[in-house]
Amino acid sequence: MNIRTHTYGSVAFVERNFALVRRYIGWEAVFLSYNVVNALAIGLIGARMGKEMVMYLVVGAMVWGFLSILFHEISESIAWERWEGTIEYTFMAPISRFVHLIGNCLWAVVYGVVRSSLILIIIVLFFGISIKGANLPGLLVVLVVSGLSFVGLGLIAAVLPLLSTEKGAYATHIMEAGLLLISGVYYEIDVLPVWIRPLSYLSPATYTLRAMRAALLDGAGFGELMPVILLLLVTGLLLVPVGMLVFSRAEYYAKKKGKLKRSG
Amino acid sequence: MEAVKCEGLVKTFGKNGRKISAVNRISFAVRRKEVFGIVGPNGSGKSTLIRILSTLLIPDAGSAHVFGHDVVREYGAVRRLINRVSVDAAFFKGISAWENLRYAARLYGLGKKDAKERSLDILGRLGFAEKRIYEPLEDLSRGMQQKVAIARAFFTAPMLLLLDEPTTGLDPRSKLDVQNYIKDSMNGSASDLTIILTTHDMREAEVLCDRVAIIIDGRFVTIGSPSQLRSMYGQPALEDVFLDITGREWKEIEDEY
Ligand SMILES: Nc1ncnc2c1ncn2[C@@H]1O[C@H](COP(=O)(O)OP(=O)(O)OP(=O)(O)O)[C@@H](O)[C@H]1O
Ligand SMILES: [Mg+2]
């Protein structure tokens, strides 16, 4: 197979998910409003504590929103295939699992960016936030490199809907809740009990949030951000192949034990 | 070279601590351009065998080759040569037939234009109205969905087609449409197609298949052309052969207890 067939293969997933979004566009609007209301509510918690606190919380809500979309969309793609029973057809198609998963990740990124941008615009207008003095390019770079790690984690999470009954997709929420707790999304990690704190340093989101806040609130330059950017890049470049490997192992296990969802 | 060659194939599933031998030491070969039928009672292992050949299950023992490629070690090469229709047409039901077909086409490296031409041609021959390919699949009847599944399998021009009960649950007219389509595809002079077909309809097996294997409890108990089987068992029709053999086998199994 050449490059053309590979690109063709990964585009299949983007195109298909886009068709699904279009079909259920009403629901998309509902969920988007839910995300917006959620982010607003979280921002309002800080309203009495001053503009800075509002920004602190809003950044948490936005970054967390983006990362969890990446994380979810990947396992959601697998869950959806399992639910429709098409997973056997996708798995027996002559594209490599790599291309298949890259396609799903590509979709997650496109979808996550579009959705998060929409939410961002509304939030910025609502709170009258000014981003003068913020290091916007730095912010973008941090977001992109940390996206890699979350794609990797999403691939690992996708094993759950692949192997388990329809409840597997639910279990990914448990992983997500754990990350939310330890990553200092809405509070500094030093408020956590001492015994949990070491875990915080394992979560890529901890570093993302710290860097995002530095870039957005303190206007930290690239020099300051570089160590975090490098750290996140390395973590991401490790987690994505690890995620693919874990997924492939799970696929092998499923084929050995007959755990793939059967249709017919 | 044979289209399919299986030797001592075994697949066992563990269920609640109990072992089920879904495929139990099956050996057979399918010739190129042959339509090979597999018939047997529910739960006798037909779909399991098809899944092993589709690279969706890894056998516990034995080997299976598709045009010389091992289904476990060379699954990539096998996947390029095969396609499959299962009894339940699995699709993204919310989107249209065309969107589903386009998705499949991309997975097989088939261009959009080719994909559309071929699917319209196939669906047309199956008596499927063109404009309905833009409707959400969930709005189509089961028979129409199955025709889309047939198109999805045929339009990638596979060398080996695995048809697992492609006509089960279809009305007589749709069934005939599908059967005629299969027959026509085999008769086309350019055709280099080999088919493995499972069915519960003995008339269908008789009409479509060059050879038929009867499978019971994961084992092939007999194999031959429909006419060979009829004369071997002294029965007027394949259906009677089936009833004779399955009745006898079941009695023997019961006697063991
Ligand atoms: N993935 C699986 N996990 C556990 N048991 C399975 C699995 N697949 C098949 N089986 C069991 O193996 C046996 C053979 O099933 P199979 O689906 O191959 O039968 P079949 O001949 O296709 O039946 P039908 O005519 O009803 O389609 C059955 O007892 C079934 O319950
Ligand atoms: Mg079956």
Side-chain angles (χ1 to χ4, degrees), chain A residues 1-28 77 79-100 103-104 107 248-249 251-264, chain B residues 11-15 20 22 47-48 50-60 72 75-96 98-100 102-112 136-138 149 152-153 156 162 164-166 168 198:
Chain A
M1 285 241 251
N2 53 27
I3 299 280
R4 192 173 154 269
T5 5
H6 281 311
T7 1
Y8 231 73
S10 48
V11 165
F13 299 94
V14 178
E15 200 174 46
R16 177 204 76 198
N17 286 355
F18 181 69
L20 284 168
V21 164
R22 213 177 38 189
R23 173 68 210 280
Y24 300 108
I25 194 75
W27 283 111
E28 289 296 323
S77 280
W80 200 310
E81 293 242 17
R82 197 183 157 105
W83 177 55
E84 292 274 28
T86 55
I87 198 154
E88 285 193 327
Y89 287 91
T90 304
F91 273 23
M92 64 177 279
I95 53 158
S96 66
R97 198 58 56 232
F98 179 75
V99 172
H100 173 194
N104 279 345
W107 163 256
S248 311
R249 293 308 299 167
E251 181 185 347
Y252 183 84
Y253 172 82
K255 286 179 182 165
K256 196 86 195 153
K257 298 284 177 193
K259 296 263 188 245
L260 278 188
K261 164 86 174 202
R262 287 177 285 158
S263 62
Chain B
K11 186 74 211 168
T12 308
F13 295 110
K15 235 184 207 167
I20 297 173
S47 300
T48 303
I50 297 274
R51 281 201 177 82
I52 293 174
L53 293 173
S54 319
T55 75
L56 292 169
L57 274 178
I58 295 171
D60 300 330
V72 179
Y75 60 85
V78 172
R79 286 174 189 172
R80 276 191 280 282
L81 298 173
I82 63 169
N83 215 325
R84 157 173 172 252
V85 176
S86 58
V87 60
D88 161 43
F91 286 109
F92 290 91
K93 297 268 175 17
I95 57 181
S96 70
W98 167 239
E99 283 162 331
N100 274 284
R102 188 181 60 189
Y103 168 59
R106 283 202 188 276
L107 298 186
Y108 284 79
L110 188 65
K112 219 170 179 169
L137 258 167
E138 61 199 356
R152 172 173 65 185
T156 64
L162 303 161
D164 194 359
E165 298 185 37
T168 298
T198 81

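The sequence lines fix the lettering, A, B, ..., with proteins before strands; numbering per chain opens at 1.
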* **chain A interface, residue from L57(B), I95(B), I52(B), L56(B) that has the most non-hydrogen pairs under 4.5 Å** =>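 Looking at each option in turn, the highest pair count goes to L56(B).
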* Closest-packed option against chain A by number of heavy-atom pairs under 4.5 Å, given K11(B), R152(B), E165(B) ->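 Going by pairs under 4.5 Å, I would pick R152(B).
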Counting only non-hydrogen atoms closer than 4.5 Å, does [X] touch chain A with its backbone (N, CA, C, O), its side chain (CB onward), both, or neither?
| X | value |
| --- | --- |
| N100(B) | neither |
| V85(B) | backbone |
| F92(B) | both |

Name the region of [X], side chain, backbone, both or neither, that has any atom closer than 4.5 Å to a heavy atom of chain B.
| X | answer |
| --- | --- |
| K257(A) | backbone |
| L260(A) | side chain |
| Y24(A) | side chain |

* Asked: According to the interplanar angle, ranging from 0 to 90°, do the rings of Y103(B) and F13(A) count as parallel (below 30°), tilted (30 to 60°) or perpendicular (above 60°)?
  ->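 Ring orientation of Y103(B) relative to F13(A): perpendicular.
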Measure the [atom1]-[atom2] distance between [X] and [Y] for me, rounded to the nearest 0.5 Å.
| X | Y | atom1 | atom2 | value |
| --- | --- | --- | --- | --- |
| T55(B) | K255(A) | OG1 | NZ | 5.0 Å |
| K93(B) | R23(A) | NZ | CZ | 12.5 Å |
| E99(B) | R22(A) | CD | CZ | 5.0 Å |

Can you see which heavy atom on [X] is nearest to which on [Y], and at what distance?
| X | Y | result |
| --- | --- | --- |
| K256(A) | I58(B) | NZ-CG2, 3.9 Å |
| A90(B) | G85(A) | CB-O, 3.1 Å |
| R80(B) | P94(A) | CG-CB, 3.5 Å |

A quick test of your reading: do over 12 heavy atoms of other residues, nucleotides or ligands sit less than 6.0 Å from [atom1] of [X]?
| X | atom1 | value |
| --- | --- | --- |
| K259(A) | NZ | no |
| R249(A) | CZ | no |
| F18(A) | CZ | no |
| Y75(B) | OH | no |

* So does R84(B) pair up with E88(A), basic N to acidic O under 4.0 Å? ->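 Looking at E88(A) together with R84(B), the answer is yes, because their closest N to O distance falls below 4.0 Å.
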